[in-house]
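Computed from a predicted structure; not experimentally measured.
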Amino acid sequence: MKSDYFYSLHSPLSTLHSLNLKLSRILSLTATAIGTIASTKILQQRHAQEQRNNKVGICVDFDDVTVAALRAGIAFDDLVKQLVAKGATHISLPEMTLNGLIKRGVLQPMVPAQPLSEEPPLGQWVYLYGTKAFIPIIESALNWRLPELKGQILGENTLVFAGSLPAHGDLGLGFDEAFGEHLQSLGLAVVPRPVSYDWPDPALIDHGLHSAGHVGKLIAFEGDWVLGHEMQINDTLKAMNNFGLSMAYFAESRHQRGDWFIAKGRLPHVVLAHRFTQEEMMEMDYHSAAHTWVHLANERGVRLCYINFFRVLHATAPLEGLDYVHYLKHALEDAGYQLSQNLSADEDAIKQSEAKPHKLALAGLAAAGIGAAAISDTLNLPESLAVPFVTAASLGAAALPFVEQKGMLTPAPHSHGSDGGSEQGHAHTHSLNGVEAIHAHGGAGHHHHGEGDVAPMQTSFAPKLIALASATLAPAAALTSAQGAGWLNWLIGQTYLEAGAVTLAAATSETAYRQRVEAFRGWDLDWFVPLTVAALQFESPKTKAIMIAALTGAWIAAQRNGDLLSKIDAPHAEAHTHHVSVANRIVGDLSMKLGLKPARKWAWVGPLALAFADGEFTPSQVVGFAGTVANTMALSAYRHPERAIKRTARGTIPAWVTGYGLGFAGRLL
C-alpha cells in the first residue's frame with residue numbers, strides 16, 4: 001500500500017488515472033468552478049453591504065422611563081437627557097388610546113356634578129377629566145374617527161362622548177405630535193408604536209399611520225397584532241409606503257399577526273429588532289443582557305435593541321436603567337458597532353448588491369455540478385447516463401432564475417388546514433387585491449404567494465432550490481469523491497464542500513434573507529441526505545439497514561422539533577451573571593468549548609476524517625460517516641445570511657485549513 005501511495009504521489013499520470021477523469025467528471029468540475037466564481041462575486045457585494053450595515057440603535061421604552069422617573073423623584077425630561085448621555089438613541093411612543101391614557105393617569109373617569117340632560121345617541125355618556133391642553137387633542141382625534149359619538153368638551157377639562165369604554169377604549173387615536181417633537185428636541189429619535197383595534201378600516205389605518213409618520217419614521221407595532229389585522233394589510237402597506245415608514249421587525253422575539261406581510265412589502269425598509277420577554281430577563285442582569293445583545297447583533301442581525309428596564313428581579317434602583325444603557329453602549333461599540341439614530345436602509349446600495357438573475361443562474365451551475373457528482377457517484381451511473389445527467393442538471397439550474405422571473409414557478413393559490421390548532425405550525429389564506437396569499441406560521445415556516453399592488457408578495461424559489469441542493473449534496477459529493485484513491489480525489493471532495501458553502505451563502509444573500517423575511521428551508525434534508533449517502537457506503541447490508549432506519553426515525557422525530565442544525569449553529573452568548581458560582585462558570589466554559597455549539601468550530605474534522613475514507617483502512621466507512629457529520633455541521637453556518645459572511649468565514653476557514661494539513665498528511669501516511 002505504501003508503494004502505491006508513493007507511486008501516486010510522484011507520478012502525475014497515475015494521479016490523473018486515480019482521479020478517474022471521465023467526461024462526466026470534467027463537466028461537473030467545470031460547472032462547479034464556474035458557479036463558485038460567480039458566487040464569490042455575489043459574496044463580495046454582500047460583504048460590502050454588510051460593512052455598511054454596522055449601525056445599531058438602543059431604544060428605551062416610554063412607559064419604563066416614565067415610571068422610573070416618577071419612582072426616582074426626578075423630572076421625565078431630566079431622565080431622558082441622562083439616557084441620551086449614556087448612549088440611548090431611540091425612545092418608543094405609544095399611540096394614544098382612551099384606556100392607555102387612563103392607565104397612565106393622563107385621563108380620569110369622573111361623574112360630573114351636572115351631567116348632560118340630552119339623551120346619548122349611542123350607549124351612555126362617558127366623562128373623562130384631563131388637562132386643559134390635552135383634552136382638545138383627544139376630542140379632535142375622537143371626532144375625526146367616530147363622529148357619531150358626538151365628542152365634546154365640558155368646561156375646559158372634561159371630555160364627553162357617547163358610547164362606552166369597553167367599546168371605544170382601545171381605539172387608536174393617533175400620536176401626540178407635539179410631545180413627539182419634544183422628545184426629539186431632547187436628543188432621542190422616536191419609534192411610534194401603533195396599536196391594533198377591532199374592525200379597522202382603510203381610512204382609520206391611513207390616518208393613524210400618517211400621524212405616526214409625523215413623530216418618527218421607524219415604527220414598532222404594539223402588541224400581538226399588526227394594524228390591519230392581515231385583512232386590510234394592503235391598506236397598511238400603502239400607508240407605510242406613502243408616508244415613508246420603515247418597520248421594526250421582531251423576527252425572533254415576537255411573531256405578530258401579519259408581520260411577515262409588512263416586512264415583505266416594505267423591504268428593504270426593515271430593521272431587525274428584538275425585545276426580551278420578562279421570562280428571559282429573569283435569567284439576566286444588565287451585564288449578561290448586554291453580552292446577549294451583542295450576540296444577537298452578531299449572530300441574528302439585530303440592529304434595534306428595544307430594552308426594558310429591569311423591574312423587581314435584578315433591579316436595585318429605578319435609575320439602574322442608566323447603567324444598563326451605558327454598559328450596552330460600550331459592549332456594542334467594543335464589538336465594532338456604531339450607535340446611530342439613522343437605521344434606515346440605503347436603498348440604492350442594496351439594489352446594487354442584489355443578485356441579478358444571470359448571476360444567480362451562474363451560481364446555480366455550482367449546485368448542479370456538485371449534485372451531479374454526488375448522485376452519479378452514489379448510484380454509480382455509467383458514463384452513457386452520467387454525461388446527459390450532468391448536462392441536464394447544469395442547464396436546468398442555469399435556467400431556473402429566468403424561468404422564475406417570468407412567473408412560471410408561482411403555483412396556483414391554495415390553502416392549508418391548520419395543524420389541529422397547534423402553534424407549532426399552521427397556515428391560512430388571505431386576499432391581497434383579489435390575489436390569494438398563503439401565510440404559514442410557527443414551525444411550518446413562511447410560504448407566501450400572490451401579489452399586491454404595493455410590492456410583490458411571492459416567494460422566490462430559485463435561490464431556495466439552489467441553496468437546498470448545495471446544502472444537501474455538497475457533503476455527499478465530498479464523501480463520494482474522497483473515497484477514490486490518491487490525495488487528489490480527497491482534495492476535490494473537499495473542494496466540492498467549500499464550493500457548496502460559497503454557493504449556499506450566495507443563494508441566500510438577498511436582502512429578504514439577510515433581514516430574515518425569507519429563510520433557508522432544509523426540512524432537515526440537509527443532514528438526512530448526506531448521512532444516508534454515508535450509511536450506504538457500509539458493506540454490511542444489515543449495518544446499512546440499521547443505520548438508514550435510525551436516520552429515518554431521527555428525521556421523522558426532528559420534524560416536530562424544528563431545524564436541528566440551526567440549534568447548534570450559533571455560539572453561546574458567553575455571558576455570566578453575578579449569581580453563578582465559580583464551579584458553574586468553569587463547567588459552563590468547558591461546555592462552550594467542547595460542546596457542539598457553534599457547529600462551525602468542528603469544520604476541521606471533515607477533511608481529516610475523509611482522508612481515511614478511501615477504503616484502504618478497515619474503519620474507512622466509520623470515519624467517512626464521521627467526516628460527513630462534521631462537513632454537514634460546518635456547512636450549516638453558511639445558510640444564515642443575517643450573520644456577516646466575514647464572521648462565518650472566520651469561524652470555518654481556519655478550521656478547514658487545519659483539517660487540510662492534518663488530512664493531507666494522513667492520506668500520505
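- Outside the 6.0 Å centre-distance limit, the rings of His295 and His291 are not counted as a close aromatic pair.
- Judged as a side chain to side chain donor-acceptor pair (under 3.5 Å), the pairs with a partner in residues 85-102 (not counting sequence neighbours) are, in order, Ser92-Arg193, Ser92-Tyr306, Asn99-Asp170.
- Taken from CD in Gln338 to NZ in Lys55, the straight-line distance is 6.0 Å, to the nearest 0.5 Å.
- Ring planes of Tyr324 and Phe310: tilted class, angle from 30 to 60°.
- For Arg650, the CZ atom counts as densely surrounded, since its 6.0 Å shell holds more than 12 non-hydrogen atoms of other residues, nucleotides or ligands.
- Test Arg643, Lys597, Arg516 against Glu299 for salt bridge (Lys or Arg N to Asp or Glu O under 4.0 Å) and you get one pass: Arg643.
- Annotation: salt bridge (Lys or Arg N to Asp or Glu O under 4.0 Å) contacts involving residues 320-341, sequence neighbours excluded, comprise Lys329-Glu333.
- A distance-only check finds no donor-acceptor pair linking the side chain of Asn241 to the backbone of Leu237 [under 3.5 Å].
- Counting heavy atoms from C-beta outward, Ile42 and His47 have side chains that stay 4.5 Å or more apart.
- Between Ile91 and Val191, every side-chain heavy-atom pair lies at or beyond the 4.5 Å cut-off.
- Looking at every heavy atom in both residues, Ala363 comes nearest to Ser39 through CB-OG, 3.3 Å.
- For Ala649 against Tyr638, the heavy-atom pair with the smallest separation is CA-OH, 3.7 Å.
- Between the Thr292 side chain and the Ser288 main chain, a donor and an acceptor come within less than 3.5 Å of each other.
- A heavy-atom distance below 4.5 Å is found between the side chains of Glu177 and Ser211.
- Inter-residue side-chain proximity for Ile102 and Leu128 is flagged as met; some heavy-atom pair is nearer than 4.5 Å.
- Atom CD of Gln184 is separated from atom CD of Gln341 by 8.5 Å, given to the nearest 0.5 angstrom.
- Ring centroid separation for the pair Phe179 and Phe134 does not come in under the 6.0 Å cut-off.
- Ion pairing between a basic and an acidic side chain is recognised when a charged N comes within 4.0 Å of a carboxylate O; Arg46 and Glu50 show such pairing.
- Ring pair His214/His210 is tilted by interplanar angle, where 30° to 60° counts as tilted.
- Two residues are said to be in side-chain contact when any heavy atoms from C-beta on lie closer than 4.5 Å; Lys264 and Glu518 meet this criterion.
- Here His274 pairs with Phe276, Trp293 under the ring pair (Phe, Tyr, Trp, His ring centres under 6.0 Å) rule; sequence neighbours left out.
- Scanning both residues, Ser509 and Leu43, for their nearest heavy atoms gives OG-CD2, 3.6 Å.
- Taking both residues in full, the closest heavy atoms of Arg600 and Thr652 are given as CB-CG2, 3.4 Å, listed atom of the first, atom of the second, then distance.
- The shortest side-chain heavy-atom distance between Leu101 and Met96 falls under the 4.5 Å cut-off.
- Side-chain contact check for Val270 versus Ser246: every heavy-atom pair is 4.5 Å or farther apart.
- Looking at Arg639 and Ser470, their side chains never bring a donor and an acceptor atom within 3.5 Å of each other.
- Remark: Ile653 CD1 to Lys646 NZ distance equals 11.5 Å, nearest 0.5 Å.
- In terms of modelled atom types and a separation under 3.5 Å, the side chain of Trp260 and the main chain of Val517 share a donor-acceptor contact.
- Between the side chains of Asp176 and His182, no donor-acceptor pair of N or O atoms lies under 3.5 Å.
- Contact of the Val80 side chain with the Leu188 side chain is registered, since non-hydrogen atoms from C-beta on lie closer than 4.5 Å.
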Original post:
Would Asp64 and Arg311 satisfy side-chain contact (heavy atoms from CB on, under 4.5 Å), going step by step from the backbone distance to the final call?
Top reply: CA-CA 9 Å; Asp64 277 355; Arg311 315 262 300 259; 3.0 Å; yes
Original post:
Hey, mind stepping through Asp285 and Tyr327 against side-chain hydrogen bond (donor to acceptor under 3.5 Å, both in side chains) and telling me if it holds?
Top reply: CA-CA 11 Å; Asp285 56 18; Tyr327 198 89; over 6 Å; no
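- Atom OH of residue Tyr513 and atom OG1 of residue Thr508 lie 7.5 Å apart, to the nearest 0.5 angstrom.
- The CG atom of Leu171 sits 6.0 Å away from the OH atom of Tyr197 when rounded to the nearest 0.5 Å.
- Here the shortest heavy-atom pairing between Ala505 and Ile645 reads CB-CD1, 3.9 Å.
- Atoms CG and CD1, from Leu79 and Ile74 in turn, are 4.5 Å apart once rounded to the nearest 0.5 Å.
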